[in-house]
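Below is one structure, written out as C-alpha coordinates, with a few remarks after it.
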Amino acid sequence: LISGQPLRFLEVFMVSTPLSFLLAPTAVYIIGSSRAFRDGIISKTNATLEQLANIKGVAFDKTDTLISSLPVIDAIIPCSPYNQRDVLTYAGSLMQRSNYFLAQAVNAAVTTKKLKLLRVKHIVEVAGLGAEAHISNKDVLVGRLDLIQERSISIPKQLKLSRINQTAAFVAINGSLIGYITFQES
(Lines give C-alpha, C1' and ligand atoms only; values in the text may rest on other atoms or scores of the structure.)
Protein backbone atom coordinates (compact mmCIF):
# COMPACT_ATOMS: atom_id res chain seq x y z
CA LEU A 1 0.00 0.00 0.00
CA ILE A 2 2.93 2.31 0.69
CA SER A 3 4.19 1.75 -2.86
CA GLY A 4 0.91 3.14 -4.25
CA GLN A 5 0.35 -0.04 -6.27
CA PRO A 6 -2.82 -1.79 -5.07
CA LEU A 7 -2.12 -4.90 -7.13
CA ARG A 8 1.30 -5.29 -5.47
CA PHE A 9 -0.36 -4.92 -2.06
CA LEU A 10 -2.89 -7.60 -2.98
CA GLU A 11 -0.12 -9.96 -4.12
CA VAL A 12 1.80 -9.59 -0.87
CA PHE A 13 -1.39 -9.87 1.18
CA MET A 14 -2.49 -13.07 -0.58
CA VAL A 15 0.90 -14.75 -0.10
CA SER A 16 1.31 -13.74 3.54
CA THR A 17 -2.22 -14.48 4.76
CA PRO A 18 -2.85 -18.01 6.06
CA LEU A 19 -6.42 -17.99 4.71
CA SER A 20 -5.42 -16.83 1.24
CA PHE A 21 -6.98 -19.88 -0.37
CA LEU A 22 -10.36 -18.65 0.94
CA LEU A 23 -9.79 -15.09 -0.24
CA ALA A 24 -8.36 -15.94 -3.66
CA PRO A 25 -11.66 -16.66 -5.48
CA THR A 26 -13.16 -13.43 -4.16
CA ALA A 27 -10.09 -11.44 -5.16
CA VAL A 28 -10.11 -12.97 -8.65
CA TYR A 29 -13.81 -12.16 -9.03
CA ILE A 30 -13.29 -8.57 -7.92
CA ILE A 31 -10.34 -8.07 -10.27
CA GLY A 32 -12.14 -9.76 -13.17
CA SER A 33 -15.33 -7.80 -12.56
CA SER A 34 -13.52 -4.47 -12.46
CA ARG A 35 -11.73 -5.29 -15.72
CA ALA A 36 -15.00 -6.34 -17.38
CA PHE A 37 -16.77 -3.26 -16.04
CA ARG A 38 -14.15 -1.03 -17.71
CA ASP A 39 -15.11 -2.74 -21.00
CA GLY A 40 -18.82 -2.15 -20.37
CA ILE A 41 -19.67 -5.66 -19.14
CA ILE A 42 -21.65 -6.13 -15.93
CA SER A 43 -22.18 -9.57 -14.40
CA LYS A 44 -24.08 -10.65 -11.30
CA THR A 45 -22.25 -13.87 -10.60
CA ASN A 46 -18.80 -15.36 -10.92
CA ALA A 47 -20.17 -18.10 -13.22
CA THR A 48 -21.42 -15.49 -15.68
CA LEU A 49 -18.01 -13.87 -15.75
CA GLU A 50 -16.34 -17.25 -16.35
CA GLN A 51 -18.65 -17.93 -19.33
CA LEU A 52 -17.28 -14.81 -21.08
CA ALA A 53 -14.10 -16.79 -21.77
CA ASN A 54 -16.08 -19.14 -24.04
CA ILE A 55 -17.72 -16.44 -26.18
CA LYS A 56 -16.42 -16.37 -29.75
CA GLY A 57 -18.63 -13.56 -31.01
CA VAL A 58 -21.63 -11.43 -30.23
CA ALA A 59 -24.03 -10.04 -32.81
CA PHE A 60 -26.70 -7.38 -32.53
CA ASP A 61 -29.43 -6.75 -35.06
CA LYS A 62 -30.22 -3.29 -36.43
CA THR A 63 -32.30 -2.50 -33.32
CA ASP A 64 -29.35 -3.35 -31.02
CA THR A 65 -31.09 -6.53 -29.86
CA LEU A 66 -28.74 -9.33 -28.89
CA ILE A 67 -28.97 -12.17 -31.39
CA SER A 68 -28.76 -15.57 -29.75
CA SER A 69 -27.96 -17.65 -32.83
CA LEU A 70 -25.83 -17.26 -35.91
CA PRO A 71 -27.36 -16.07 -39.16
CA VAL A 72 -27.75 -18.31 -42.20
CA ILE A 73 -28.49 -17.30 -45.76
CA ASP A 74 -32.21 -17.26 -46.46
CA ALA A 75 -32.18 -16.13 -50.10
CA ILE A 76 -29.87 -14.78 -52.78
CA ILE A 77 -31.67 -12.37 -55.06
CA PRO A 78 -29.73 -11.41 -58.21
CA CYS A 79 -30.45 -8.45 -60.50
CA SER A 80 -30.39 -9.17 -64.25
CA PRO A 81 -28.05 -10.12 -65.97
CA TYR A 82 -26.34 -11.60 -62.89
CA ASN A 83 -27.25 -14.90 -61.22
CA GLN A 84 -27.15 -16.20 -57.65
CA ARG A 85 -23.72 -17.72 -58.20
CA ASP A 86 -22.28 -14.32 -59.25
CA VAL A 87 -23.77 -12.54 -56.22
CA LEU A 88 -22.48 -15.17 -53.79
CA THR A 89 -19.04 -15.37 -55.46
CA TYR A 90 -18.42 -11.62 -55.25
CA ALA A 91 -19.84 -11.37 -51.72
CA GLY A 92 -17.83 -14.40 -50.58
CA SER A 93 -14.63 -13.16 -52.19
CA LEU A 94 -14.90 -9.84 -50.39
CA MET A 95 -16.06 -11.31 -47.06
CA GLN A 96 -13.73 -14.33 -46.92
CA ARG A 97 -11.47 -12.80 -44.24
CA SER A 98 -13.97 -10.41 -42.73
CA ASN A 99 -14.94 -10.45 -39.07
CA TYR A 100 -18.38 -9.09 -39.96
CA PHE A 101 -21.00 -11.35 -38.33
CA LEU A 102 -22.74 -12.09 -41.66
CA ALA A 103 -19.46 -13.23 -43.22
CA GLN A 104 -19.67 -16.61 -41.50
CA ALA A 105 -22.98 -17.39 -43.21
CA VAL A 106 -21.66 -16.24 -46.60
CA ASN A 107 -18.45 -18.25 -46.18
CA ALA A 108 -20.43 -21.36 -45.21
CA ALA A 109 -22.58 -21.03 -48.35
CA VAL A 110 -19.51 -20.54 -50.55
CA THR A 111 -17.97 -23.70 -49.08
CA THR A 112 -21.19 -25.71 -49.46
CA LYS A 113 -21.60 -24.67 -53.10
CA LYS A 114 -17.87 -25.21 -53.75
CA LEU A 115 -17.47 -21.80 -55.38
CA LYS A 116 -14.06 -20.58 -56.47
CA LEU A 117 -13.33 -17.26 -54.80
CA LEU A 118 -11.80 -14.42 -56.76
CA ARG A 119 -8.60 -12.57 -55.94
CA VAL A 120 -9.27 -9.47 -53.86
CA LYS A 121 -7.14 -6.31 -53.78
CA HIS A 122 -7.29 -3.15 -51.70
CA ILE A 123 -9.97 -4.13 -49.18
CA VAL A 124 -11.40 -1.21 -47.22
CA GLU A 125 -13.80 -1.92 -44.36
CA VAL A 126 -16.41 0.77 -43.76
CA ALA A 127 -17.13 0.54 -40.03
CA GLY A 128 -20.60 -0.80 -39.34
CA LEU A 129 -21.67 -0.58 -42.98
CA GLY A 130 -19.70 -3.08 -45.09
CA ALA A 131 -16.57 -3.30 -47.21
CA GLU A 132 -15.28 -2.51 -50.66
CA ALA A 133 -12.42 -3.84 -52.75
CA HIS A 134 -11.04 -4.29 -56.23
CA ILE A 135 -11.88 -7.75 -57.64
CA SER A 136 -11.12 -8.86 -61.22
CA ASN A 137 -10.64 -5.24 -62.36
CA LYS A 138 -14.01 -4.26 -60.86
CA ASP A 139 -14.92 -2.08 -57.90
CA VAL A 140 -16.99 -4.31 -55.61
CA LEU A 141 -18.98 -3.20 -52.59
CA VAL A 142 -20.81 -5.41 -50.09
CA GLY A 143 -22.79 -3.96 -47.23
CA ARG A 144 -25.89 -2.50 -45.71
CA LEU A 145 -28.45 -0.46 -47.61
CA ASP A 146 -27.09 2.69 -45.93
CA LEU A 147 -23.74 2.15 -47.64
CA ILE A 148 -25.36 1.46 -51.01
CA GLN A 149 -27.33 4.72 -50.74
CA GLU A 150 -24.33 6.68 -49.42
CA ARG A 151 -22.26 5.62 -52.44
CA SER A 152 -25.12 6.42 -54.87
CA ILE A 153 -25.20 2.87 -56.23
CA SER A 154 -27.75 2.54 -59.03
CA ILE A 155 -30.63 0.26 -58.06
CA PRO A 156 -32.83 -1.40 -60.71
CA LYS A 157 -36.29 0.20 -60.85
CA GLN A 158 -38.07 -3.14 -60.48
CA LEU A 159 -36.37 -3.76 -57.12
CA LYS A 160 -38.63 -2.60 -54.29
CA LEU A 161 -36.34 -1.97 -51.32
CA SER A 162 -39.33 -1.41 -49.02
CA ARG A 163 -40.24 -5.11 -49.41
CA ILE A 164 -36.94 -6.26 -47.88
CA ASN A 165 -37.79 -6.79 -44.21
CA GLN A 166 -34.86 -9.03 -43.24
CA THR A 167 -31.21 -8.45 -42.55
CA ALA A 168 -29.58 -8.10 -45.97
CA ALA A 169 -26.15 -7.63 -47.54
CA PHE A 170 -26.23 -5.75 -50.83
CA VAL A 171 -23.64 -6.47 -53.52
CA ALA A 172 -22.64 -3.88 -56.12
CA ILE A 173 -20.13 -3.85 -58.97
CA ASN A 174 -18.84 -0.65 -60.58
CA GLY A 175 -21.64 1.46 -59.12
CA SER A 176 -24.54 -0.87 -59.95
CA LEU A 177 -26.39 -3.27 -57.68
CA ILE A 178 -26.01 -6.89 -58.84
CA GLY A 179 -28.14 -8.40 -56.08
CA TYR A 180 -28.54 -8.94 -52.38
CA ILE A 181 -28.46 -11.73 -49.83
CA THR A 182 -31.02 -12.04 -47.05
CA PHE A 183 -30.35 -13.77 -43.75
CA GLN A 184 -32.32 -15.43 -40.98
CA GLU A 185 -31.36 -16.79 -37.58
CA SER A 186 -30.43 -20.48 -37.52
Tightest non-hydrogen contact, residues Leu117 and Thr89, listed as CD2-O, 4.1 Å
Nearest heavy-atom pair of Leu102 and Pro71: which atoms, and what distance? CD2-CG, 3.8 Å
Lys121 versus Ile135: any side-chain heavy-atom pair under 4.5 Å? no
Report yes if some heavy atom in the side chain of His134 is under 4.5 Å from a heavy atom in the side chain of Asp139; otherwise report no. yes
Within the 4.5 Å heavy-atom criterion, are Leu177 and Val171 side-chain neighbours or not? no
Inter-residue atom distance Leu145.CG - Ile164.CD1, 0.5 Å rounding: 7.0 Å
Contact check, side chains of Leu94 and Ile123, non-hydrogen atoms, under 4.5 Å: yes
With the side chain counted from C-beta on, respond yes when Tyr180 and Val87 share a heavy-atom pair under 4.5 Å apart, and no when they do not. no
Any side-chain heavy atom of Phe183 within less than 4.5 Å of one from Val72? no
State whether a side-chain donor-acceptor pair under 3.5 Å links Asn107 with Gln96. no
Side-chain heavy-atom pair Leu88, Asp86 within 4.5 angstrom cut-off: no
Answer whether the closest heavy-atom distance between the side chains of Arg151 and Glu132 falls below 4.5 Å. yes
What are the two closest heavy atoms between Ala172 and Ile153, and how far apart are they? CB-CG2, 3.7 Å
